[in-house]
Amino acid sequence: MASSAQSGGSSGGPAVPTVQRGIVKMVLSGCAIIVRGQPRGGPPPERQINLSNVRAGNLARRAAATQPDAKDTPDEPWAFPAREFLRKKLIGKEVCFTIENKTPQGREYGVIYLGKDTNGENIAESLVTEGLATRREGMRANNPEQNRLSECEEQAKAAKKGMWSEGNGSHTLRDLKYTIENPRHFVDSHHQKPVNAIIEHVRDGSVVRALLLPDYYLVTVMLSGIKCPTFRREADGSETPEPFAAEAKFFTESRLLQRDVQIILESCHNQNILGTILHPNGNITELLLKEGFARCVDWSIAVYTRGAEKLRAAERFAKERRLRIWRDYVAPTANLDQKDKQFVAKVMQVLNADAIVVKLNSGDYKTIHLSSIRPPRLEGENTQDKNKKLRPLYDIPYMFEAREFLRKKLIGKKVNVTVDYIRPASPATETVPAFSERTCATVTIGGINIAEALVSKGLATVIRYRQDDDQRSSHYDELLAAEARAIKNGKGLHSKKEVPIHRVADISGDTQKAKQFLPFLQRAGRSEAVVEYVFSGSRLKLYLPKETCLITFLLAGIECPRGARNLPGLVQEGEPFSEEATLFTKELVLQREVEVEVEGMDKAGNFIGWLHIDGANLSVLLVEHALSKVHFTAERSSYYKSLLSAEEAAKQKKEKVWAHYEEQPVEEVTPVLEEKERSASYKPVFVTEITDDLHFYVQDVETGTQLEKLMENMRNDIASHPPVEGSYAPRRGEFCIAKFVDGEWYRARVEKVESPAKVHVFYIDYGNREILPSSRLGTLPPAFSTRVLPAQATEYAFAFIQVPQDEDARTDAVDSVVRDIQNTQCLLNVEHLSAGCPHVTLQFADSKGDVGLGLVKEGLVMVEVRKEKQFQKVITEYLNAQESAKSARLNLWRYGDFRADDADEFGYSR
């Protein structure tokens with residue numbers, strides 16, 4: 001919440017209360033309000049402020065439903081006029097306040113002023129002057145503020161204002177009505193004429209509690225024709241917001257809460273009223289749709305009296321711009337025509353054993369469920385380990401066999417679809433989960449009914465219906481006959497044999513397992529795989545059948561447009577053509593059998609390499625179709641010429657990622673005269689480790705043979721005299737031997753001892769770190785100590801570049817360096833020394849290309865400008881590369897020069 005501290009007074013005087021500011025969100029009573037701050041990336045913080053030294057009457061309160069014997073509490077005299085006085089004066093206005101007292105329970109009492117400073121109207125004094133509040137009993141007037149309240153009260157008494165007027169104030173009491181006996185009659189009696197009201201509470205973006213005037217009916221109003229994301233109540237009483245539920249609620253609150261509005265009562269749903277809320281600034285129903293906070297709902301759009309087409313148009317506006325709840329929306333080009341129940345479509349994906357995704361002739365995708373069959377499912381409650389996450393495809397018996405049967409028979413093939421029925425959406429019950437609307441059909445290929453084939457092999461069962469239920473397959477009898485044959489022959493689900501078990505290891509993101517698996521995949525050359533999932537144009541999940549494992553695979557040699565990402569408080573839009581690239585890859589390889597060549601892996605445990613589909617290289621195909629650009633790391637690949645040729649052809653067509661491509665004239669860089677020569681003495685090194693802060697460790701190539709000889713002798717010695725497990729007690733800073741995941745012993749240094757089971761070690765010859773149990777450590781034999789051969793891993797940092805502060809951006813840069821240089825030989829030149837470690841430039845051993853300059857060219861890092869004259873030539877080269885990356889909006893620069901960005905991240909303008 002925005003606040004400012006104003007200091008004053010002498011150093012020996014009392015402390016001046018801090019003046020804080022906020023926007024009044026809600027008036028709770030005549031002496032309490034809720035203020036909020038400015039939105040910053042989400043709904044703003046709130047706090048309740050109670051007025052010091054004054055008391056106003058308590059408002060009516062409904063008895064709690066959980067206490068059947070409790071009674072409703074009525075208004076106290078003048079309580080509602082006091083609330084209304086503050087509501088009309090303060091709602092939506094900026095106020096400032098000082099906190100004078102805070103109770104142990106956290107209630108805050110203070111003085112509130114209208115406006116930006118304490119020169120504004122004192123709210124407590126205004127209330128007392130109008131006779132709507134009194135000074136608290138027992139309060140002594142011992143300071144100017146309290147004296148002023150006393151004077152205001154005397155003025156109100158003299159003028160007989162408010163509670164000091166004649167009578168007992170009974171005319172200020174409301175006859176609140178919390179329920180309506182006949183809601184339908186109540187709605188009809190208003191004949192859809194606007195009713196004056198005050199919005200008292202906002203439950204979510206499209207449901208409010210309103211006080212209807214002048215009869216004081218307190219009713220729940222649901223906005224006709226729309227529904228916003230809601231807050232789902234959990235079993236423990238907590239609420240879980242759906243995506244954008246909090247933002248939609250704030251959108252409605254900031255415009256309607258405790259505002260004077262008019263409501264058109266249009267229909268009723270139980271005790272809830274369906275209606276349209278009109279505010280002088282507009283119709284909230286249409287605004288919510290237009291901002292992407294709500295969607296149209298068919299069940300209530302018919303009662304909307306101001307034209308359903310307006311709501312559809314507003315929703316379409318949000319969909320076209322992919323606002324908020326529509327961020328992943330893909331516009332359909334056609335709806336299923338009931339008259340055209342038969343069509344031919346191409347199978348793009350098998351979802352499970354009873355559903356497929358097909359591509360229509362119009363280009364649209366449609367999910368088709370096979371009529372009247374049920375896929376394999378887990379039987380009983382205790383069949384699954386509760387501590388293990390269920391993977392239906394592998395853990396449900398025969399699900400994998402059923403999926404594979406459909407995948408091999410259908411993927412990429414054209415099938416005949418005959419729609420049998422549309423199964424409407426169904427809500428969740430205690431035993432059955434919710435289902436969305438389903439198009440159920442009979443699918444045939446080459447005259448074979450796929451559902452019947454599945455059932456006959458015992459890979460699915462037939463659903464039983466009520467006698468009067470006509471929503472079933474047009475070949476239902478054939479399905480029953482096929483099931484009878486499967487049962488008789490003991491096929492699949494009906495077999496009495498042990499169910500097949502699929503032990504599939506998922507090593508996606510598991511760095512340790514991936515490191516162990518990498519050499520095997522590299523030696524294997526081309527490996528067979530099935531594409532299980534497409535995350536983006538160049539990121540896929542693969543199943544390797546021979547190795548029975550799942551891996552995440554990144555396409556080498558290309559830079560594919562990045563897709564949209566959800567970040568805390570905002571949605572980061574995807575780069576242009578990211579969705580097209582993803583769709584291209586999905587259509588080409590999803591659930592197809594492919595071949596992959598693994599070249600390396602990144603820090604996250606994702607493998608990098610080349611993927612071939614029907615003899616074609618997917619990286620080349622993406623470049624060829626102008627959906628990716630060639631990455632400089634492709635230079636060392638045998639596919640580099642093919643990629644360059646495809647990119648050149650795509651550039652000439654000026655389509656998609658090259659739509660705005662123009663050949664840039666080569667600019668000559670004017671060399672800067674150097675008074676002092678830069679020392680360039682490159683030596684060969686072997687890069688062994690890249691850290692998360694973009695430092696790296698190298699071994700000197702010249703001493704490499706000494707290390708190999710020492711390691712060989714040390715391991716022979718350890719094999720002859722193996723350490724006794726548990727005999728070594730590690731101490732911080734001590735050199736030792738440690739057994740790595742490959743089962744070999746290496747020299748290490750103890751960095752931290754958390755417990756015998758958790759010892760942090762640093763491998764002194766390689767630069768990597770690991771947490772090991774002390775049972776995998778031992779005493780370093782003196783014959784192999786650092787006196788015999790010093791630690792071989794030396795730490796360095798890149799010169800002339802700035803490591804990104806943003807975690808995602810830094811990870812991108814680290815991943816790029818890992819792909820390029822880890823476990824490779826490079827050339828190193830020390831440029832300058834610093835407190836941490838020497839700063840150097842690295843060159844690729846073969847091309848002599850500058851690794852740091854390559855990172856700048858790709859927009860992965862920024863240039864660190866140094867003033868030394870000997871570096872000016874190389875700094876100029878780096879800065880020119882940075883400008884090129886900025887012009888091409890690469891990576892860090894994808895949204896322009898972010899260093900001057902001061903935009904309002906929440907998306908609202910005042």
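- Between the Q262 side chain and the P194 main chain, no donor and acceptor come within less than 3.5 Å of each other.
- Applying side-chain contact (heavy atoms from CB on, under 4.5 Å) to I34 and the options R47, Q258, K25 leaves one that passes, K25.
- For the pair E145 and R148, the salt-bridge criterion is not met [side-chain N within less than 4.0 Å of a carboxylate O].
- Using a 4.5 Å heavy-atom cutoff, the side chains of T134 and V128 are not in contact.
- At a threshold of 4.5 Å between non-hydrogen side-chain atoms, the residues F317 and E291 do not count as touching.
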Report the C-alpha distance between V54 and R136 in whole Å, list the side-chain angles of each, state the deciding distance to 0.1 Å, and finish with yes or no for side-chain contact (heavy atoms from CB on, under 4.5 Å).
CA-CA 5 Å; V54 297; R136 285 196 176 275; 5.6 Å; no
Yes or no on side-chain contact (heavy atoms from CB on, under 4.5 Å) for C228 and L288, after CA distance, side-chain angles and deciding distance?
CA-CA 8 Å; C228 289; L288 284 165; 3.9 Å; yes
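- Remark: E46 does not engage R36 in a salt bridge, criterion side-chain N to carboxylate O under 4.0 Å.
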Give the C-alpha distance, both sets of side-chain angles, the deciding distance and a yes or no for salt bridge (charged side-chain N to carboxylate O under 4.0 Å, His left out) between R889 and E575.
CA-CA 10 Å; R889 291 181 175 263; E575 294 177 351; over 6 Å; no
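- Side-chain N or O atoms of T252 include one that pairs as donor or acceptor with a backbone N or O of G205 at under 3.5 Å.
- Between T276 and E266 the shortest heavy-atom distance is OG1-OE2, 2.8 Å.
- One distance of note links CG of L218 with OH of Y216; it measures 12.5 Å at 0.5 Å rounding.
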Verdict with reasoning, T98 to Q20, per side-chain hydrogen bond (donor to acceptor under 3.5 Å, both in side chains)
CA-CA 6 Å; T98 58; Q20 302 177 73; over 6 Å; no
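- Counting heavy-atom neighbours within 6.0 Å of E807 CD, excluding the residue itself, gives a total of 12 or less.
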Show your working on side-chain contact (heavy atoms from CB on, under 4.5 Å) between I33 and V35 and close with a plain yes or no.
CA-CA 6 Å; I33 66 172; V35 296; 3.7 Å; yes
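- The stretch residues 181-206 participates, sequence neighbours left out, in these salt bridge (Lys or Arg N to Asp or Glu O under 4.0 Å) pairs: R83-E200.
- Using modelled atom types, no side-chain atom of E100 and backbone atom of G110 make a donor-acceptor pair closer than 3.5 Å.
- Put simply, the side chain of R259 gets close to the backbone of L257: a donor and an acceptor are under 3.5 Å apart.
- Under the 4.0 Å criterion applied to side-chain N and carboxylate O atoms, E76 and R55 are assigned as salt-bridge partners.
- Side-chain atoms of E242 come within 3.5 Å of backbone N or O of T230 as a donor-acceptor pair.
- With a 4.5 Å cut-off on side-chain heavy atoms, N53 and L149 count as touching.
- Rounding to the nearest 0.5 Å gives a distance of 12.0 Å between NE2 of H269 and OG of S224.
- The two atoms that bring I199 and I277 nearest to each other are CD1-CD1, 4.0 Å, heavy atoms only.
- Note: F186 and Y217 meet the aromatic proximity criterion, with ring centroids under 6.0 Å apart.
- Using a 4.0 Å cut-off between charged nitrogen and carboxylate oxygen, R87 and D260 count as a salt-bridge pair.
- For the atom pair H279 NE2 and R255 CZ, the distance stands at 10.0 Å (nearest 0.5 Å).
- E579 has its side chain within reach of R322: a pair of non-hydrogen atoms, C-beta onward, lies under 4.5 Å apart.
- Shown are N182, L265, I180; of these, the side-chain contact (heavy atoms from CB on, under 4.5 Å) with V187 is made only by L265.
- Between the side chain of R232 and the backbone N or O of T240, no donor-acceptor pair lies under 3.5 Å.
- Among all heavy-atom pairs drawn from K177 and D175, the shortest one is NZ-O, 3.2 Å.
- The distance from the CG atom of N283 to the CD1 atom of I264 is 8.5 Å, given to the nearest 0.5 Å.
- Side-chain atoms of Y109 and R107 include a donor-acceptor pair closer than 3.5 Å.
- V111 places none of its side-chain heavy atoms less than 4.5 Å from the side chain of I123.
- There is no side-chain donor-acceptor pair under 3.5 Å between T129 and Q155.
- Within 6.0 Å of the NE2 atom in H185, the count of heavy atoms belonging to other residues, nucleotides or ligands does not exceed 12.
- In summary, the side chains of Q192 and T305 do not present any donor paired with an acceptor at a separation below 3.5 Å, with no hydrogens or angles considered.
- Looking at S150, its side chain never comes within 3.5 Å of a backbone N or O of Q146 through a donor-acceptor pair.
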Worked verdict on E286 versus K290 for salt bridge (charged side-chain N to carboxylate O under 4.0 Å, His left out):
CA-CA 6 Å; E286 294 176 14; K290 200 169 185 180; over 6 Å; no
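- Checking E151, E125, E153 one by one against R135, the salt bridge (Lys or Arg N to Asp or Glu O under 4.0 Å) holds for a single residue, E153.
- At distances below 3.5 Å, not a single donor-acceptor pair connects side-chain atoms of S238 with backbone N or O atoms of E234.
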Dump the intermediate steps for side-chain contact (heavy atoms from CB on, under 4.5 Å) on I198 and V261, then the final yes or no.
CA-CA 6 Å; I198 301 168; V261 298; over 6 Å; no
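- The shortest distance between side-chain heavy atoms of F251 and L256 does not fall below 4.5 Å.
- Residues N50 and Q48 have side chains that bring a donor and an acceptor to within less than 3.5 angstrom of each other.
- For M163 against W78, the heavy-atom pair with the smallest separation is CA-NE1, 3.4 Å.
- Within the 4.5 Å cutoff, side-chain heavy atoms of P229 are placed close to those of I325.
- Y304 does not carry R306 over the face of its six-membered ring by the limits of under 6.0 Å from the centre and within 45° of the normal.
- Of the residues listed (D215, D72, D75), the one engaging R174 in a salt bridge (Lys or Arg N to Asp or Glu O under 4.0 Å) is D75, and it is the only one.
- Considering CG of L127 and NZ of K89, their distance stands at 9.0 Å, rounded to 0.5 Å.
- When all heavy atoms are compared, the tightest approach of W326 to A318 is CD1-CB, 3.6 Å.
- The shortest side-chain heavy-atom distance between E130 and F85 falls under the 4.5 Å cut-off.
- To the nearest 0.5 Å, the span separating CZ on F244 from CZ on F293 amounts to 7.5 Å.
- Nearest heavy-atom pair, G292 versus R324, reported as atom, atom and distance to 0.1 Å: O-CB, 3.2 Å.
- Within a 6.0 Å radius of CZ in R209, more than 12 heavy atoms belonging to other residues, nucleotides or ligands are found.
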